[in-house]
A.B. asks: 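Structure incoming, see below.
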Protein chains: 2
Amino acid sequence: MKERHEHILGEVVRAYLNTGQPVGSRTLAEQGELGLSPASIRNVMAELERQGMLSSPHTSAGRVPTDSGLRYFVDSLMAVDPDMNQQLENAVAGHLPGTPERNILLKRATDELASLTHFAGMVWVHEQGFNRINRIELVPVSSEKLLAVIVTDSGEVQNRLIVRPGDTSDAQLHEISLRLNELLSGCNLEEARLRLQREMETDRLKVRHLLEDLKRWADAPTEGQTEMFVSGQRQLLEMPEFAVVDTIRSLMCAIEEREQLLHLVEQVESEESGVKVFIGSEHALVNMEQVSVVLSRYQGPANLVGTLGVIGPRRMHYERVVPIVDCTAKWVSRMLGGGLQTK
Amino acid sequence: MKERHEHILGEVVRAYLNTGQPVGSRTLAEQGELGLSPASIRNVMAELERQGMLSSPHTSAGRVPTDSGLRYFVDSLMAVDPDMNQQLENAVAGHLPGTPERNILLKRATDELASLTHFAGMVWVHEQGFNRINRIELVPVSSEKLLAVIVTDSGEVQNRLIVRPGDTSDAQLHEISLRLNELLSGCNLEEARLRLQREMETDRLKVRHLLEDLKRWADAPTEGQTEMFVSGQRQLLEMPEFAVVDTIRSLMCAIEEREQLLHLVEQVESEESGVKVFIGSEHALVNMEQVSVVLSRYQGPANLVGTLGVIGPRRMHYERVVPIVDCTAKWVSRMLGGGLQTK
DNA sequence: GTCAAGCACTCTAGCGAAGAGAGTGCCAGT
DNA sequence: ACTGGCACTCTCTTCGCTAGAGTGCTTGAC
């Protein structure tokens with residue numbers, strides 16, 4: 001594409017991102033960035049419209065960038081301020097200190113995404129079903145109940161109340177704990193199930209009921225296999241383009257139902273450069289042509305991998321949002337990798 | 001109030017709850033419940049308007065019940081179908097089987113409230129700061145980290161990663177666990193802090209760092225001292241009265257900020273009959289005159305007490321919503337009381 | 001060949017007028 | 001005490017009009 005065309009496309013996009021309104025040739029000329037008359041700008045704009053980069057809502061409105069136009073802008077024209085990147089990294093790291101438990105860390109990252117971008121922040125955890133049990137502990141709670149705590153090697157903590165075998169002292173319970181750790185440490189779910197089954201048959205510890213309870217836990221389809229955190233949905237209501245309830249409704253539905261979004265998340269490859277942007281109809285979410293999604297993979301230790309990003313109006317400042325998502329993903333990877341490494 | 005007036009007020013409210021539109025004298029007469037001519041109905045309606053039970057948006061619209069009108073209806077006119085109560089109890093109990101961990105149970109109750117009413121369901125837990133530690137356990141996670149699990153006597157499970165003291169074997173860790181249990185079982189937060197302080201001075205176990213970590217935990221302002229679960233916000237978007245974005249925005253703000261709602265929750269006394277209804281301006285939430293809140297206390301074991309309910313449009317079917325909230329509160333109380341009692 | 005100026009054309013947003021519809025209040029009659 | 005009838009009021013919708021903004025095209029200058 002000719003340099004002048006790129007220049008003008010860039011200006012149209014920038015003006016559109018700022019105002020959300022169609023931009024006309026005169027406003028662009030008066031703005032003075034180009035040093036051209038409205039008429040000349042018009043010629044170029046007409047050309048860009050033929051190429052599918054711009055479109056006009058009607059004859060006498062200005063031009064609005066199409067999805068392709070925004071795509072070209074994001075891919076080739078967008079200039080990321082190098083200062084900002086540094087600044088952002090500091091901001092992200094500053095707001096998110098410490099190494100808390102995994103889910104708390106991820107929840108905080110979600111909040112941070114939302115507050116930095118003013119859109120809705122989202123974080124997914126893909127278990128991949130390969131979690132290995134790192135530790136299992138039985139904590140006495142009352143005479144009838146005990147709490148089974150499992151720590152996986154990806155740093156996740158799960159706990160569940162189960163029935164306490166009759167007449168077991170705390171010391172005996174500790175015995176059983178030790179035995180279970182021998183038995184199950186390093187197992188994934190599948191193996192754990194098998195070994196529990198085998199153990200039930202010999203049952204040296206006479207705790208058949210307890211083993212059954214545990215097995216039932218392992219058998220249950222691991223709900224929340226892809227966990228999801230969301231934050232800041234409210235801020236989307238502030239955007240003027242969502243003043244029509246219909247759009248916001250589709251948006252909330254998509255967030256609550258998760259199916260559609262998961263499908264999108266799968267398209268983000270971890271090998272790629274990092275951030276992936278879906279503009280308007282590119283993400284194929286129904287009734288959400290006015291919505292864009294910016295995502296990036298993060299990588300924790302072992303088999304923990306996830307995706308995070310934001311969902312917001314098509315008219316978002318990609319120059320700012322893309323680095324935010326990028327920094328957050330890197331920061332989360334670093335925190336997870338550094339803080340929870342199990343070996 | 002005269003019987004006829006009550007009768008007509010009741011019909012106006014019912015018609016309004018169904019349609020959401022102002023109701024006129026003719027529609028009411030044609031409906032045939034009253035056996036009166038439009039003119040007679042008009043006379044009564046004018047009287048009711050003078051009493052502040054009804055109001056007309058403008059001269060030639062029908063009448064809409066005021067907050068007082070709805071209040072009178074809820075207090076004196078509302079007939080709760082006795083069958084429904086039984087039916088609801090079955091429905092609630094049916095959808096919510098088992099006795100999982102406390103927070104999961106409460107989350108499920110929230111979902112159930114939302115799905116039964118089609119509004120947003122909410123559940124709060126008021127800790128009252130009196131929680132006693134029932135059990136504390138240290139679970140080894142890696143060579144550098146361990147997981148501290150605390151079970152309170154209200155059945156709540158908290159866990160946190162802390163630094164593992166250098167060169168401690170799993171067996172030693174168990175030793176420390178036992179000692180900590182001796183030290184802290186039955187303590188509330190205040191006592192725990194004191195005892196940890198004292199222990200740090202003598203420190204028989206040479207684990208000063210660990211004790212410091214724990215103390216820091218106890219010192220931290222217990223965040224989420226009033227926990228809150230929300231579900232089904234999306235369904236509020238379906239309500240035609242929330243088609244204007246402003247109302248829904250205030251609503252989402254109120255839910256996310258929590259402050260205002262907490263203030264409201266405090267007004268629900270546990271001794272009272274059960275369900276408390278706040279209609280329109282009664283709850284003094286800003287910009288939410290079109291919103292009603294229905295709440296009830298539930299009572300768990302020991303010092304665990306909470307509030308649950310729904311938030312929805314002023315025009316809700318109170319005859320249905322009130323028993324739903326009532327049943328859910330009773331069911332939650334039963335589940336918590338029965339399943340997690342510690343002694 | 002490139003750019004700018006001018007002009008006719010098109011489309012929308014906003015405003016006021018007019019008419020339909022719904023509901024009321026009041027009066028008179030049974 | 002209740003009802004039928006009538007005049008009145010207010011809103012909602014539709015229609016037509018105008019001002020404003022922006023375009024495309026043609027023509028002329030460098």
Side-chain angles (χ1 to χ4, degrees), chain A residues 1-9 11-16 18-66 69 240-241 243-244 290, chain B residues 1-9 11-16 18-66 69 240-241 243-244 290:
Chain A
M1 205 192 304
K2 287 202 204 115
E3 193 182 339
R4 161 180 277 175
H5 287 215
E6 285 193 341
H7 201 173
I8 288 183
L9 176 59
E11 286 309 310
V12 171
V13 169
R14 262 181 271 272
Y16 171 73
N18 278 325
T19 65
Q21 296 300 313
V23 355
S25 55
R26 187 175 320 164
T27 28
L28 222 53
E30 277 168 4
Q31 196 180 293
E33 292 287 330
L34 296 158
L36 288 175
S37 78
S40 312
I41 296 176
R42 276 207 284 282
N43 281 328
V44 180
M45 281 169 117
E47 174 72 17
L48 286 168
E49 182 162 2
R50 271 190 294 278
Q51 291 175 25
M53 296 294 193
L54 299 179
S55 75
S56 29
H58 57 84
T59 336
S60 81
R63 255 66 172 220
V64 168
T66 61
E241 38 263 274
V244 217
Q290 291 309 311
Chain B
M1 204 190 308
K2 287 203 204 115
E3 192 182 342
R4 161 182 277 173
H5 287 213
E6 286 194 340
H7 200 173
I8 287 184
L9 176 59
E11 286 308 311
V12 172
V13 170
R14 260 181 274 272
Y16 171 71
N18 278 325
T19 66
Q21 297 301 313
V23 352
S25 55
R26 187 177 320 163
T27 27
L28 222 53
E30 276 167 5
Q31 195 180 295
E33 292 287 330
L34 296 159
L36 289 174
S37 78
S40 312
I41 296 177
R42 275 208 284 281
N43 282 329
V44 179
M45 280 168 117
E47 174 71 18
L48 285 168
E49 183 162 0
R50 270 190 295 279
Q51 292 175 27
M53 296 294 193
L54 300 179
S55 75
S56 29
H58 56 85
T59 336
S60 82
R63 253 85 168 205
V64 168
T66 61
E241 38 263 274
V244 219
Q290 292 309 311

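The analysis underlying the following values was restricted to heavy atoms, covering all of them including side chains, and did not include hydrogens, waters or symmetry mates. Order of the sequence lines fixes the chain letters, A, B, ..., with proteins taken first and strands second; residue numbering starts at 1 for each chain.
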A.B. asks: Salt bridge (charged side-chain N to carboxylate O under 4.0 Å, His left out) with B:R42: which residues, sequence neighbours excluded?
C.D. replies: none

A.B. asks: Please check: side-chain N/O of A:T66 versus main-chain N/O of A:S55, any donor-acceptor pairing under 3.5 Å?
C.D. replies: no

A.B. asks: With a cut-off of less than 4.0 Å, is there a side-chain N or O of A:R26 near OP1 or OP2 of C:dA4?
C.D. replies: no

A.B. asks: Would you mind telling me which residue lines up with the more 5' stretch of DNA chain C, B:A61 or B:A39, judged by nearest nucleotide?
C.D. replies: B:A61

A.B. asks: Provide, to the nearest angstrom, the distance between the CD atom belonging to A:Q21 and the P atom belonging to D:dG22.
C.D. replies: 10 Å

A.B. asks: Write down the distance between CD (A:E30) and P (C:dA4), rounded to a whole number of angstrom.
C.D. replies: 14 Å

A.B. asks: Suppose we screen for salt bridge (charged side-chain N to carboxylate O under 4.0 Å, His left out). Which residues come up paired with A:E33, at least two apart in sequence or across chains?
C.D. replies: none

A.B. asks: Can you tabulate the close N/O pairs, meaning under 3.5 Å, that link protein atoms to atoms of nucleotides 9-17 of chain D?
C.D. replies:
residue : atom : partner : partner atom : Å
D:dC10  : O2   : B:S60   : OG           : 2.7

A.B. asks: When you get a sec, tell me which of D:dT3, C:dT24, D:dT23 is the closest nucleotide to the side chain of B:S37?
C.D. replies: D:dT3

A.B. asks: In whole angstroms, how far is the P atom of C:dT24 from the CG atom of B:L28?
C.D. replies: 10 Å

A.B. asks: State the CZ-CD distance between B:R14 and B:Q31, to the nearest 0.5 angstrom.
C.D. replies: 9.5 Å

A.B. asks: Please state how far atom CG in A:L36 lies from atom P in C:dA5, giving the value in whole angstrom units.
C.D. replies: 11 Å

A.B. asks: What are the two closest heavy atoms between A:V44 and A:H5, and how far apart are they?
C.D. replies: CG1-CD2, 3.6 Å

A.B. asks: Could you walk me through whether B:I41 and B:E11 pass the side chain to side chain contact (heavy atoms under 4.5 Å, CB included) check?
C.D. replies: CA-CA 11 Å; B:I41 296 177; B:E11 286 308 311; over 6 Å; no

A.B. asks: Heavy-atom contacts under 4.0 Å between residues 40-50 of chain B and DNA chain D, which residues?
C.D. replies: B:S40, B:R42

A.B. asks: Regarding A:S25, tell me which of base, sugar-phosphate or nothing describes its non-hydrogen contacts under 4.0 Å with the strands shown.
C.D. replies: sugar-phosphate

A.B. asks: Using the side-chain hydrogen bond (donor to acceptor under 3.5 Å, both in side chains) criterion, which residues pair with B:S56? Sequence neighbours excluded.
C.D. replies: B:E49

A.B. asks: Listed by chain and number, what are the side-chain hydrogen bond (donor to acceptor under 3.5 Å, both in side chains) partners of B:S40, not counting sequence neighbours?
C.D. replies: B:S37

A.B. asks: Figure out the CZ/C1' separation between B:R4 and D:dT3, and round it to whole Å.
C.D. replies: 12 Å

A.B. asks: Taking all non-hydrogen atoms of both residues, which atom of A:Y16 and which atom of A:V64 are closest, and how far apart?
C.D. replies: CE1-CG1, 3.8 Å

